[in-house]
There are 2 protein chains.
Amino acid sequence: MTDNYKSKKVISIGVVKELTGLSERQIRYNEQRKLIFPERTANGTRKYSFSDVETLVEIAEKREEGVQSFEIRKEMLKDKKSKEGDSQMRRKMIRGQLNAHFRSNDRS
Amino acid sequence: MTDNYKSKKVISIGVVKELTGLSERQIRYNEQRKLIFPERTANGTRKYSFSDVETLVEIAEKREEGVQSFEIRKEMLKDKKSKEGDSQMRRKMIRGQLNAHFRSNDRS
DNA sequence: CGTGTAAGGAATTCTGACACG
DNA sequence: CGTGTAAGGAATTCTGACACG
């Protein structure tokens, strides 16, 4: 009836920090790398959506596997296209390989 | 999969103010009257859910019609029982009567 | 590359109270 | 009853930078 709660930007960085377990520095860094796009209030405070929070968690998981921002951004675009809630599956496939750099094209 | 976005308490009073158009004073007053129940962060900052925001708007509409907190609280309990998204309908019925006080039992 | 930190400022939020009605 | 406001304090958030690697 009204809006899409999941994509509405209303969460401040402090809450995002608690929700994701990431540091403010890490959260802001992802914005700098163009991986998330929080809005700003009149005075400049960042506001995130639940969607952003989910994305941040996914990014953190990939980064732990050694994937760089550069690659993560590409994967996110691909995910957006195949419209599947699949990053979960790919993550499991990657786990065990020890380093994601060996995958340059995982269409195999 | 994860949580219920609509009921998750993550919005600060400043954002609620913008979302509802109410003053901070009015928002806090509704808590004092036991009409909404925000959570608190470690340091005491209030956090509201989208649900709270919706409730606040409904409360504001009723109050404009002259309904007192006392009555509003009763109506909210009743609404919770009849599980219908009906406050919308009742509101329209009331509109035109000019004063809600004449209704003590609208089961007619 | 990704992240920690100290630095200084600006804006937010909180409570209790006085006020009007 | 419902809401405005000034008051003073405490915690948040922001940016640019230095650091390590």
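First the proteins, then the strands, lettered A, B, ... as listed; each starts at 1.
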Atom CG of B/L56 and atom P of D/dG2 are separated, to the nearest Å, by 14 Å
Once you round it to whole Å, what is the distance between C1' of C/dG16 and CD of B/Q32?
11 Å
Could you state the CD1-C1' distance from B/I13 to C/dA11, rounded to the nearest angstrom?
15 Å
To the nearest Å, give me how far apart CD (B/E24) and P (C/dG16) are.
16 Å
If you go through the side-chain atoms of A/R46, does one of them form a donor-acceptor pair with the base of D/dT13 closer than 3.5 Å?
no
Whole angstroms only, please: what is the CD1-C1' distance between B/I72 and D/dG2?
11 Å
Can you tell which of A/K6, A/K9, A/K8 makes a side-chain contact (heavy atoms from CB on, under 4.5 Å) with A/S49?
A/K9
So does B/E75 pair up with B/K78, basic N to acidic O under 4.0 Å?
no
Do A/M76 and A/I59 make a side-chain contact, defined as non-hydrogen atoms from C-beta onward lying under 4.5 Å apart?
yes
With the threshold set at 4.0 Å, does a side-chain nitrogen-carboxylate oxygen contact exist between A/E39 and A/K47?
no
B/R28 CZ - D/dT3 C1' separation (whole Å)
12 Å
Residue matched to C/dG4 through Watson-Crick or wobble contacts both under 3.5 angstrom:
D/dC18
What is the distance, rounded to the nearest whole Å, between atom CD of A/Q26 and atom C1' of C/dT5?
14 Å
In whole Å, I'd like the distance from the CD1 atom of A/I11 to the C1' atom of D/dT12.
16 Å
